Amino acid sequence: DAGVIQSPRHEVTEMGQEVTLRCKPISGHNSLFWYRQTMMRGLELLIYFNNNVPIDDSGMPEDRFSAKMPNASFSTLKIQPSEPRDSAVYFCASSLFGLSTDTQYFGPGTRLTVL
Amino acid sequence: DAKTTQPTSMDCAEGRAANLPCNHSTISGNEYVYWYRQIHSQGPQYIIHGLKNNETNEMASLIITEDRKSSTLILPHATLRDTAVYYCIVRVSSNTGNQFYFGTGTSLTVIP
């Protein structure tokens, strides 16, 4: 199993540009999570999906952020327009919800720098 | 709402056991305790989890107190590669999903 795949691994963009981060969860998993990590705020949950449906997006900072999961094997996190304060490492994780325990497996992350 | 309290940092001599404490005094009866670690620049890595009983796997042991208000992660023979930030997490469950709330973690440094 290839694990959770994220792309790109690094993204440098200018303020005001649209940024799209991509995630492919582990095959067979039905829950997907987007996290953001910064030095100041640590690891924060942004949004998570069960069976492709967004369940809780209360962590999404503002309307500039949006996430979609069109099918079980793909999700995107979009920032439009991007701002320097969005610079962070964004992690995607997946798990198999429905069991008594569901371990989240994390991808390698996308390091976003907004100039 | 991290729901857990951990020391900010700890040191451990290489080859010795590393004991990482965690307080979770508000844990509910059906909430699991999970431990993850994050090596610099990588995604968090699952280590172990438990509900009531002590657990052991190839990476570590998890000791949970009888009242479940605290736990200890034990790395039996720490190596330099175990230097990382260790997160103790209480999994919050609902009918629609399970959420992990990461706190600030413990930065473990294994010293040669």
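In this text the structure is predicted, and so the values were computed from the model without any measurement. Letters A, B, ... are given to chains in the order of the sequence lines, protein chains preceding strands, and every chain is numbered from 1.
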Report all side-chain donor-acceptor pairs from residues 65-73 of chain A shorter than 3.5 Å, counting only partners two or more places apart or in another chain.
residue  : atom : partner  : partner atom : Å
Asn71(A) : OD1  : Ser73(A) : N            : 2.9
Asn71(A) : OD1  : Ser73(A) : OG           : 2.9
Asn71(A) : OD1  : Phe74(A) : N            : 3.2

TODO: Answer yes or no: is there a side-chain heavy-atom contact under 4.5 Å between Phe100(B) and Leu45(A)?
DONE: no
Task: Separation between OH of Tyr105(A) and CD of Gln45(B), rounded to the nearest 0.5 Å - done: 10.5 Å
- [ ] Measure the shortest side-chain to side-chain distance between Phe91(A) and Gln38(B) over non-hydrogen atoms and say whether it is less than 4.5 angstrom.
- [x] yes
TODO: Check whether any side-chain heavy atom of Gln104(A) lies under 4.5 Å from a side-chain heavy atom of Tyr36(B), and answer yes or no.
DONE: yes
Open item on the list: Report which part of Phe49(A) has an atom under 4.5 Å of a heavy atom belonging to chain B: side chain, backbone, both, or neither.
Closed with: neither
Task: chain B contact via Gln37(A) - which portion, at a heavy-atom distance below 4.5 Å - done: side chain
Open item on the list: Within this structure, what is the OG1-CG distance for the pair Thr104(B) and Leu43(A), rounded to the nearest 0.5 Å?
Closed with: 11.5 Å
Task: From CA spacing to verdict: ring pair (Phe, Tyr, Trp, His ring centres under 6.0 Å), Tyr35(A), Phe102(B) - done: CA-CA 10 Å; Tyr35(A) 291 86; Phe102(B) 286 77; 5.7 Å; yes
Task: Interface moiety of Asp56(A) toward chain B, non-hydrogen atoms closer than 4.5 Å - done: side chain
Open item on the list: According to a hydrophobic-cluster definition based on side-chain heavy atoms being under 4.5 Å apart (Ile, Leu, Val, Met, Phe, Trp, Tyr only), do Leu77(A) and Ile5(A) belong together?
Closed with: no
Open item on the list: I need the residue from Asn50(A), Asn51(A), Val53(A), Val89(A) with the largest number of non-hydrogen atom pairs under 4.5 Å to chain B.
Closed with: Asn50(A)
Task: Side chain / backbone / both / neither for Arg111(A) at chain B, heavy atoms under 4.5 Å - done: side chain
TODO: To the nearest 0.5 Å, tell me how far Thr103(A) OG1 sits from Ile47(B) CD1.
DONE: 11.5 Å
Open item on the list: A quick test of your reading: do over 12 heavy atoms of other residues, nucleotides or ligands sit less than 6.0 Å from CD of Gln80(A)?
Closed with: yes
Task: More than 12 heavy atoms from other groups under 6.0 Å of CG on Asp67(B) - done: yes
